[in-house]
Amino acid sequence: MDKLVLFNNSIKKQFINKRASETKFGESISTINDVCNIYEALNNLDVSYVIIGLPEDVGVFANHGIPGTRNAFEATIKVLLNIQDNDYTFAENVLILGHLNFDAELEKLSKLNPKKKKDFVKARKLTAEIDKHVTKLVHSIVKANKIPIIIGGGHNNAYGNIKGTSLALNKPINIVNFDAHTDFRKEEGRHSGNGFTYAFNEGFLNKYFIFGLHENYTSKDIFKRLDKNDQLDYNSFEAIQIRKELKFNTEIKKAQNFICEDYFGIEIDCDAIQGISSSAMSPTGFSITKTRRFIHKFAKNKNAKYIHICEAAPTTKNSAQIGKLITTLITDFMRGHES
Ligand SMILES: N=CN[C@@H](CCC(=O)O)C(=O)O
C-alpha cells in the first residue's frame, strides 16, 4: 500500500478547532499511526466505518471533464473533524485512515495537453494505474469487514471500488448510482465516464441501477444498451422531477428491489445535485435534501457495503461549503446504517 498516507494526530491537531465544554468529531475518531499490514491493522480495530480520500482528477481529464476533484477530500476533512461528537454522529465508530497519494500521477497529468489526442491515451493509462491502488485499498477494508466511505476523486474510481469490494466478498456486487450520467460509456481506455462499463464487462458488477440520469446527456447507444439488458435499470431526473411521471419514493423502492437483495455499493456523483461545483456541474438536478433522503434510505439496508461520494470539485471560494455538503452526506450514511 505504497501510496497510502495515513491520517495522523498531527494532521488532526492542525485542523481541529477545539472549544471548551464540547467534543469535536475529530477528537473522538480513531487513527492509525503506523502500519505494515493494513488488513491486520483494520481487522484488529473496533470501528465500523473507514474514511479514505482519493485526491485525483486524472480520470476526469481523461474524460474531457473539468478538473478540481482532487481537492474534495481535504475540503471535507477540514469540516468533518469539526462537527460535534454526539449520539447522532458516531465518531467512536469511525477510522479516518488517510488518502492515496497520487502526486506522481498528477505531476504527469500537468504535462498533458487537452488539445492532443495522444495525451488522452496517456491520461487513460494513468487512470488504469490509479484503479489498481484503489482496488487494493478498498479490497483490504472490505475484507476486514469494515465499510469504506470513499471521498473522490473522479467517478473513474467506481471501478476500483466495485472490483475491490467484489474481490473481498468473492462475488459480483450490485450498485445504485445517483448520477446525472450513466458512466456507461464504451471501453476506450479508462476514464471517469466508463468505470461501470469495465466493472460490468469484467464480471465485478452484477446489477446496476442509475437513479436520475439526465436525458440530455445520455446517448441513444447507451439507452439501447440499458434497455436490452435485465441486469441494468434506470430512471431519469426529468421523469421524476419535471414530468412527474414517476415518484421519488416509489423509484427508491424500485431501485431497492432491484439491487438490495444482495451486497451493494452506493455511488453518489455530486453532479446530480443542483448547482454543486463538479466536473460536469449542472444548474438543474436534485436538491441536497433529496440527495440526503436517498442516501439515508439506501444506507439503512444491511447489504450496503460502501459509499463513494465523488466528482465534487471545490474552488477556493466554495471549499468550506462543499466540505460541509460532503460531511453531511457522510453522516447521513452512518445515521442511516446505524438505524
Ligand atoms: N463522471 C462523469 N461522466 C460524465 C460527465 C463528463 C464530464 O465531466 O463532463 C460523462 O461521461 O458523460
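When reading the values below, keep in mind they use all heavy atoms of this one structure, side chains included, and skip hydrogens, waters and symmetry mates. Order of appearance sets the numbers: ligands from 1, and atoms from 1 within every ligand.
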Original post:
Is the closest basic N to carboxylate O distance between Asp131 and Lys163 below 4.0 Å?
Top reply: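 Answer for the salt bridge query: no.
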What atoms of ligand 1 come closer than 4.0 angstrom to any heavy atom of [X]?
X      : value
Gly193 : 11 (O)
Ala280 : 5 (C), 7 (C), 8 (O), 9 (O)
Gly65  : 8 (O)
His155 : 1 (N)
Glu311 : 1 (N)
Asn63  : 3 (N), 4 (C), 6 (C), 10 (C), 11 (O)

Original post:
How far is atom 11 (O) of ligand 1 from its nearest protein heavy atom, and which residue and atom name does that atom have?
Top reply: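 Atom 11 (O) of ligand 1 sits closest to the protein heavy atom Arg185 NE, 2.7 Å.
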Original post:
So which heavy atom in the protein is nearest atom 4 (C) of ligand 1, and how far is it from that ligand atom?
Top reply: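 Result: His181 CG, 3.4 Å.
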Subject >> Contact partition for His64 relative to ligand 1, non-hydrogen atoms under 4.0 Å >> reply: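 Neither part.
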Subject >> Within reach of ligand 1, part of Asp183 (heavy-atom separation under 4.0 Å) >> reply: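 For Asp183, only side-chain atoms sit under 4.0 Å from ligand 1.
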**OP:** Kindly check if the number of other-residue, nucleotide or ligand heavy atoms within 6.0 Å of NZ (Lys3) is above 12?
**Re:**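 It does: Lys3 NZ has more than 12 such atoms within range.
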Are [X] and [Y] connected, step by step, through hydrophobic side chains (Ile, Leu, Val, Met, Phe, Trp, Tyr) whose heavy atoms are closer than 4.5 Å?
X      : Y      : answer
Ile151 : Ile96  : yes
Tyr159 : Ile268 : no
Tyr234 : Phe248 : no

**OP:** Keeping the roles fixed (side chain from Arg124, backbone from Glu188), state whether a donor-acceptor pair exists under 3.5 Å.
**Re:**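 Present.
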Subject >> Flag, side chain of Thr89 to backbone of Gln84, donor-acceptor distance under 3.5 Å >> reply: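 A pair under 3.5 Å: yes.
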**OP:** Answer yes or no: does an N/O atom from Ser279 fall short of 3.5 Å to an N/O atom of ligand 1?
**Re:**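 Yes, there is a polar N/O contact under 3.5 Å.
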**OP:** Identify the two heavy atoms, one from Ile175 and one from Leu205, that lie closest to each other, and give their separation to 0.1 Å.
**Re:**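 Here Ile175 and Leu205 meet closest at CG1-CD1, 3.5 Å.
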Original post:
Can Val60 be said to touch ligand 1, with heavy atoms closer than 4.0 Å?
Top reply: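 Flag not set, Val60 not near ligand 1.
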